[in-house]
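Everything numeric here is computed off the predicted structure, so don't read it as measured data. Values below: all heavy atoms of this structure, side chains included; hydrogens, waters and symmetry mates excluded.
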Amino acid sequence: MSGHPGPTPRGGKAETTPTRIVLKKGGTFFLNGALIRAHDAFGAEVHLAEALLLPSQILSAETARTPLQRLYYCVQQALIEPEAAEAWRAEFSAGLSSVRGPHSAAGPVQRDGLERVAALVEAGRLIEALSALRRAIKAEPAT
């Protein structure tokens with residue numbers, strides 16, 4: 001049945017192209033509330049994921065060096081560790097205060113973006129907040 005998008009799950013939305021994941025041994029990704037770690041190398045296709053963080057989108061505490069990366073790490077951990085989400089949100093808020101402060105290097109455009117991220121985190125829309133933070137991190141000047 002080529003050319004047919006298949007069944008239309010979730011209120012009539014057409015099926016989307018699957019996300020391909022290739023993991024090396026020891027690699028991790030986050031999928032719909034589960035942190036998945038590969039014991040051996042493998043490849044997979046993911047269809048209709050609500051919350052998906054690919055290996056390249058997961059920061060470790062050691063690699064979160066800039067203020068924006070540290071904010072990203074807090075939101076990421078709130079998503080990955082829902083039982084500790086409130087503590088991670090508090091850490092995010094503390095980090096946000098330092099980035100928004102009067103001695104911060106953040107410009108008006110970046111501060112507006114951070115306000116949007118803060119609103120997304122407050123609303124529990126963590127995947128969207130992470131996406132916005134990834135864009136902000138990419139736009140950061142290299143240090």
Side-chain angles (χ1 to χ4, degrees), residues 4-143:
H4 186 280
T8 54
R10 299 185 185 217
K13 291 182 184 175
E15 253 184 53
T16 60
T17 304
T19 300
R20 293 182 186 269
I21 298 170
V22 177
L23 284 182
K24 296 178 183 175
K25 184 176 181 177
T28 60
F29 71 100
F30 177 83
L31 174 65
N32 293 347
L35 184 64
I36 301 167
R37 181 166 291 123
H39 291 287
D40 296 308
F42 79 94
E45 286 185 356
V46 177
H47 296 261
L48 300 172
E50 291 293 321
L52 174 67
L53 287 180
L54 299 173
S56 64
Q57 298 171 331
I58 297 176
L59 282 182
S60 68
E62 296 79 33
T63 58
R65 291 186 175 92
T66 69
L68 285 178
Q69 289 172 340
R70 287 190 290 274
L71 291 175
Y72 182 95
Y73 181 75
C74 291
V75 177
Q76 167 195 287
Q77 292 307 110
L79 180 67
I80 291 173
E81 301 176 23
E83 68 283 354
E86 285 308 310
W88 285 113
R89 286 176 197 230
E91 194 165 328
F92 169 82
S93 294
L96 188 61
S97 295
S98 69
V99 173
R100 290 192 291 198
H103 302 294
S104 168
V109 171
Q110 191 176 30
R111 280 194 292 273
D112 288 346
L114 290 173
E115 293 299 325
R116 181 176 178 275
V117 168
L120 289 169
V121 169
E122 183 66 30
R125 296 166 55 188
L126 302 180
I127 288 291
E128 292 172 68
L130 289 171
S131 179
L133 282 166
R134 280 194 300 275
R135 285 190 302 274
I137 290 167
K138 280 185 181 179
E140 269 186 313
T143 53

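For the pair Leu68 and Ala136, the tightest heavy-atom approach, listed with the atom from each and the gap, is CD1-O, 3.8 Å. Residues Ala85 and Ala78 share a closest heavy-atom pair of CB-O, 3.8 Å. Considering all non-hydrogen atoms of both residues, Leu130 and Gln76 come closest at CD2-N, 3.6 Å. In this structure, Arg125 and Glu128 approach most closely via the heavy-atom pair NH2-OE1, 2.6 Å.
By the neighbour-count criterion of 12 heavy atoms within 6.0 Å, atom CD of Glu81 is densely surrounded, having more than that number from other residues, nucleotides or ligands.
Within the 4.5 Å cutoff, no side-chain heavy atoms of Ile137 are placed close to those of Arg134. Looking only at side-chain heavy atoms (C-beta outward), Leu126 and Leu120 stay at 4.5 Å or farther from each other. In this structure, the side chains of Val117 and Arg135 stay at 4.5 Å or more apart for every pair of heavy atoms.
Atoms CG and CD, on Leu71 and Glu91 in that order, are 9.5 Å from each other to the nearest 0.5 Å. Atom-to-atom distance recorded for Leu133:CG and Lys138:NZ is 13.0 Å, nearest 0.5 angstrom. Here NZ of Lys25 is found 13.5 Å from CZ of Arg37. Values are rounded to the nearest 0.5 Å. Taking CD1 of Ile58 as the reference point, atom OH of Tyr73 lies at 11.0 Å (rounded to 0.5 Å).
A side-chain donor-acceptor contact under 3.5 Å links Arg89 to the backbone of Val121.
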Which is it for Trp88 and Val75 under the side-chain contact (heavy atoms from CB on, under 4.5 Å) test, yes or no, and what are the steps along the way? CA-CA 7 Å; Trp88 285 113; Val75 177; over 6 Å; no

